[in-house]
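Here's the structure, in structure tokens; my notes come after.
Letters A, B, ... mirror the listed sequences (proteins, then strands); counts begin at 1. Not measured: the values here are computed from a predicted model.
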Amino acid sequence: MSEERSLNFLEEIVEADLAAGKHVEIHTRFPPEPNGYLHIGHAKSICLNFGLADKYGGKTNLRFDDTNPVTEDTEYVDSIKADVRWLGFDWEEEHYASDYFDQLYAFAVALINKGLAYVDDLSAEQIATMKGTPTEAGKESPFRNRSIEENLFLFTAMKNGEYNDGEKVLRAKIDLASPNMHMRDPIMYRIKKTHHHRTGDTWCIYPMYDFAHGQSDSIENISHSICTLEFEVHKPLYNWYIAQLGIFPSNQFEFARLNLTYTVMSKRKLLQLVQENLVDGWDDPRMPTISGLRRRGYTPLSLRNFCERIGVQRRENIIDVGLLEFCVREDLNKTALRRMVVLDPIKLVITNYPEGQSEILKGENNPELEDNGGYRDLPFGRELWIEAEDFMEDAPKKWFRLAPGNKVRLKSAYIVSCTGFEKDASGKVTAVHCEYIPESKSGQDTSGINVKGTMHWISAEKAETAEVRLYDRLFQVEDPSSEEGDFKSYMNPNSLEIIEGAKIEPSLLEAQPGEQFQFIRKGYFTLDSKLSASGKLVFNRTVTLKDAWSKEMKK
RNA sequence: UGCCCGAUAGUAUAAUGGUAGUACGACAGAUUUUGGUUCUGUUUGUCUUGGUUCGAAUCCAGGUCGGGCAACCA
């Protein structure tokens with residue numbers, strides 16, 4: 001028996017519809033507007049749409065909602081497709097709302113013929129004013145009762161380019177007194193003499209979202225059209241168009257969009273960060289975009305697991321970014337190769353290790369894997385690099401690392417005993433001295449000595465150098481959007497720390513973009529796909545390791 | 001002050017009139033050649049006031065709080 005996992009509310013709806021025979025097979029769609037890059041909120045929608053179809057043996061389309069040529073571009077189309085694929089999903093059919101422009105035009109003519117649409121000459125401002133307010137009914141346009149013939153004639157003229165942008169619109173004739181603002185004679189078509197990224201200059205009138213989305217769903221026989229909560233008020237209109245047109249009744253269902261702590265998720269805000277150069281583009285590793293997370297080192301599986309764990313409901317929510325970090329650690333712990341890298345190096349001199357002598361030790365690739373994932377060579381010698389923070393002259397309680405008189409294990413090597421250190425004129429520690437215990441060699445330890453601390457290290461002679469970039473949260477408050485004033489004033493000034501001279505072990509020279517590593521005791525890292533060049537490696541920190549010691553220190 | 005939606009530990013998410021459970025977090029312990037991993041345990045919750053019922057997180061009514069709606073954006 002499979003484990004009993006309770007259904008989310010969308011799965012319940014689908015199961016009920018299937019059980020009632022409302023649909024033989026379900027069909028969903030992911031409908032982005034190609035006007036920006038996908039972010040992790042979209043990942044939730046993608047996982048929901050594809051996940052639903054997957055679970056119930058249905059299909060999912062990818063459809064670009066490209067009804068506004070002013071903001072859209074093929075650059076975005078391409079990045080969206082790449083991101084969906086990278087997440088691990090494959091769509092059944094690829095569509096564009098613009099493929100339906102002829103059909104949508106015919107739908108509009110049909111509504112005119114039914115006396116349910118009219119051409120309005122009012123300006124945008126006048127239409128807005130006459131729409132009234134949520135508490136006040138709107139007023140009818142003086143053009144509302146034109147004859148069907150006149151409307152047909154004018155709409156054709158609109159299509160033929162005889163009017164300029166803003167001179168005329170086509171409106172649905174519904175109810176100016178509706179408590180739902182979207183039902184107060186919504187605009188169906190507007191004139192935009194703008195080049196469209198797919199239809200070029202074929203059209204100068206373009207359908208509004210409301211006059212395109214439901215019909216596109218219907219044309220594709222989408223059974224469950226799921227979208228975020230802000231479209232809830234559009235649902236009556238979505239249904240109205242379908243009913244008046246008498247076409248396949250797709251149904252809309254809404255869920256709460258994803259919010260994450262310490263970041264922003266709206267396209268508008270993300271665009272601002274990019275345009276004002278506050279980040280290094282849409283794929284800056286600090287961005288919550290799919291491309292940013294990918295560059296940061298997040299894996300598709302970790303993102304899918306995250307989307308599964310956060311669940312789906314209709315209430316507003318803000319997910320702790322810690323859960324995202326948990327998900328990527330969970331995945332990377334099982335797959336990432338272990339390597340040793342010293343970020344802030346100081347010398348460790350093993351005074352009883354003969355000068356000029358060296359040896360090759362073996363380091364396990366991943367203790368979580370069978371046979372430890374194999375081994376790689378670790379050159380060892382008299383002088384090593386160790387992390388400056390791993391030595392303290394006056395150590396606090398529970399300090400398991402190096403301090404005068406302390407013993408520690410050098411990972412995969414020997415136990416050493418700290419015998420002294422050197423300081424420069426300013427009092428800064430420049431080197432640590434120790435003696436090693438020859439019979440404590442890793443794997444063949446006969447010393448009988450137990451130590452509490454284990455440290456990473458690099459042979460000073462064989463060390464290579466790389467740049468390492470440490471990322472922290474982009475904002476210093478949990479929910480920047482809910483704070484007073486400009487959200488950008490809450491950005492974390494220390495969200496990027498660049499370390500130029502990190503000491504890396506030789507095997508890391510062969511690192512490939514997309515490969516994940518655990519730098520032992522430091523976190524998970526990946527090669528930056530953009531900044532790395534031959535001869536210059538740049539590693540991005542995906543996430544730190546859980547750190548019980550720093551937590552202990554804060555007490 | 002119109003209409004619509006929502007409210008369960010710190011954060012999410014279950015319980016579909018019948019024992020409030022799970023995950024992340026936090027805390028404590030065991031294991032550990034990563035202060036990692038793994039394992040064990042502990043902690044904290046049904047917005048409020050009434051009502052229906054043998055029994056209410058769940059149904060009903062009032063209130064409170066939060067979100068959405070007045071783009072020729074999606």
Side-chain angles (χ1 to χ4, degrees), chain A residues 5-8 12 31-33 35 65-68 70-72 120 122-125 127-129 131-138 165-171 178-182 184 186-192 205-206 208-210 212-213 227 229-236 254 256 261 267-268 309-327 329-330 333-334 338 340 364 367-368 398-401 408-413 415 440 442-443 445 450-456 478 518-523 544-553:
Chain A
R5 213 192 109 256
S6 51
L7 303 177
N8 67 46
E12 278 179 11
E33 184 191 12
N35 69 343
D65 234 331
D66 55 351
T67 56
N68 184 2
V70 176
T71 56
E72 297 155 6
D120 199 340
L122 257 27
S123 70
E125 202 176 313
I127 289 176
T129 313
K131 241 181 199 175
T133 67
T135 54
E136 237 180 302
D165 289 16
E167 274 188 63
K168 284 186 166 47
V169 289
L170 183 71
R171 287 229 257 171
S178 171
N180 183 334
M181 297 298 291
H182 294 272
R184 319 247 268 223
I187 289 165
M188 294 162 60
Y189 267 92
R190 76 286 212 195
I191 301 168
K192 277 183 192 287
I205 58 170
Y206 293 92
M208 297 288 289
Y209 163 85
D210 286 305
H213 201 96
C227 60
L229 241 27
E230 66 265 32
F231 292 101
E232 198 174 11
V233 283
H234 294 247
K235 187 168 178 165
E254 310 86 15
T261 54
K267 253 187 206 176
R268 204 193 93 246
R309 279 169 180 272
I310 59 176
V312 57
Q313 250 308 337
R314 287 172 60 85
R315 42 180 176 255
E316 294 295 323
N317 62 81
I318 182 160
I319 309 283
D320 190 336
V321 70
L323 182 62
L324 218 209
E325 296 176 343
F326 166 83
C327 289
R329 283 190 194 110
E330 182 188 42
N333 176 49
K334 295 188 203 121
R338 311 291 129 120
M340 294 201 276
E364 55 195 20
E368 303 295 317
K398 296 191 195 168
W399 176 260
F400 304 150
R401 287 119 98 149
V408 300
R409 155 80 59 187
L410 295 176
K411 176 76 181 171
S412 301
I415 291 174
S440 68
S442 187
D445 185 349
N450 280 318
V451 293
K452 280 205 164 142
T454 301
M455 287 170 30
H456 60 285
E478 276 202 359
Q518 185 199 99
F519 292 175
I520 291 174
R521 301 208 302 142
K522 287 285 139 190
T544 60
L545 256 25
K546 249 170 64 179
D547 187 355
W549 171 245
S550 70
K551 217 182 276 177
E552 179 72 31
M553 289 298 281

Which part of the nucleic acid does [X] contact within heavy-atom distance under 4.0 Å: base, sugar-phosphate only, or nothing?
X        : result
A/Met455 : nothing
A/Tyr206 : nothing
A/Arg314 : sugar-phosphate

Discussion item. Looking at B/A7, which nucleotide sits across from it as a Watson-Crick or G-U wobble partner, both distances under 3.5 angstrom, or is there none?
Written reply: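 Pair assignment: B/A7 / B/U64.
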Fill in: Paired nucleotide for B/A70 [Watson-Crick or G-U wobble; both distances under 3.5 Å]
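Checking every strand shown, B/A70 finds no partner, since no pair has both distances under 3.5 Å.
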Rounding to an integer number of angstrom, what distance separates [N] and [M] when you compare their [atom1] atoms?
N     : M     : atom1 : answer
B/U22 : B/U43 : C1'   : 15 Å
B/U46 : B/U8  : P     : 11 Å
B/U48 : B/C39 : C1'   : 42 Å
B/U49 : B/C65 : C1'   : 15 Å

Item to complete: Quick one: pull up CG in A/Asp547 and CZ in A/Arg521 and give me the separation to the nearest 0.5 Å.
Response: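 One gets 9.5 Å once the value is rounded to the nearest 0.5 Å.
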Discussion item. What is the separation between atom CZ on A/Phe400 and atom P on B/U33, rounded to the nearest whole Å?
Written reply: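 Atom-to-atom, A/Phe400 to B/U33, this comes out as 14 Å.
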[X], nearest nucleotide to its side chain (from [options]):
X        : options             : value
A/Thr67  : B/U34, B/A74, B/G35 : B/A74
A/Arg401 : B/G35, B/A14, B/C69 : B/G35
A/Arg315 : B/A14, B/A71, B/C73 : B/A14
A/Asn317 : B/C72, B/G6, B/A12  : B/A12

Fill in: Worked check of ring pair (Phe, Tyr, Trp, His ring centres under 6.0 Å) between A/His213 and A/Phe231
CA-CA 11 Å; A/His213 201 96; A/Phe231 292 101; 7.2 Å; no
